[in-house]
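These notes concern the structure reproduced below.
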Amino acid sequence: MPAIALTGFLTALGLIVAIGAQNAFVLRQGIRGEHVLPVVAVCAAADALLIAAGIAGLGALVTNHPVVLTVTKYAGAAFLLALAVGAALRARRPERLDPAADGPAALGAVLTTCLALTFLNPHVYLDTVVLLGSLAHQHDPGAWVFGAGAVLASITWFTALGFGAARLRPVFARPRAWQVLDIVIAVVMATLAVTLLV
């Protein structure tokens, strides 16, 4: 059983670590030091829910109803494009990127963005629900052990990313560094949006 859990851990980690909108958002929140624990908790809890749903059989339902993924695809692309534009606008005015200048963002707004980045991404359903759900059942009767390993990978990654980003704060004390980060975020978000549509 430990080998099955380790397989789940490594498989999920391989899927989660790739740069994406959610990771970019968690990194930014970690650097800013804003609501890091709630953001990490929401990301890990959402992954746990989606992994459990995949193992419980939601993956087959998603596969059999492609309209769900189509609606999510267009809503997700629109949301990512809006975030890309926001990041590009922030990059144009680097003096506004100082966390102390504007004060912290409201927790509700931060968590709403975090949830949207998670659930409006059709890849999360394909990767987490369909793929991990299918892979888990290849280890029956240890499917839930595989799932536990995958959930542990999610918790480990988001905790390391969110709280580890604090080490980058000295670098991001300079507005230019925030400008570069926001340009990268804008490019990543726009690229992901176009990828969803194409």
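Small disclaimer: the values here were computed from a predicted structure and weren't measured. The basis for the numbers below is simple: all heavy atoms, side chains too, and nothing from hydrogens, waters or symmetry mates.
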State which residues pass side-chain hydrogen bond (donor to acceptor under 3.5 Å, both in side chains) with [X]; sequence neighbours excluded, sorted by chain then number.
X: Thr118; result: Gln22
X: Ser154; result: Asp47
X: Asn121; result: none
X: His137; result: Asp140

Hydrophobic side-chain clustering at under 4.5 Å (ILVMFWY, transitive links): who's grouped with Leu89? Put none if nobody.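 For the cluster that includes Leu89, the remaining residues are Val85.
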Could you work out, with side chain to side chain contact (heavy atoms under 4.5 Å, CB included) as the rule, every residue matching [X], not counting sequence neighbours?
X: Ala87; value: Arg90, Asp182, Ile185, Ala186
X: Val110; value: Phe25, Gln29, His35, Val39, Ala105
X: Thr112; value: none
X: Val151; value: Ala48, Ile51, Ile155

Identify all side-chain donor-acceptor contacts of residues 164-171 below 3.5 Å with residues at least two apart in sequence or on another chain.
from: Arg169; atom 1: NE; to: Ile31; atom 2: O; distance (Å): 3.1
from: Arg169; atom 1: NH2; to: Gly30; atom 2: O; distance (Å): 3.4

Got a sec, which residues hit ring-ring contact (aromatic ring centres under 6.0 Å, His included) with Phe146, two or more places apart in sequence or on another chain?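 Partners of Phe146 under the ring-ring contact (aromatic ring centres under 6.0 Å, His included) test: His139.
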Less than 4.5 Å apart, side chain to side chain, heavy atoms only: is that true for Val130 and Tyr125?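 No - every pair of side-chain heavy atoms lies 4.5 Å or more apart.
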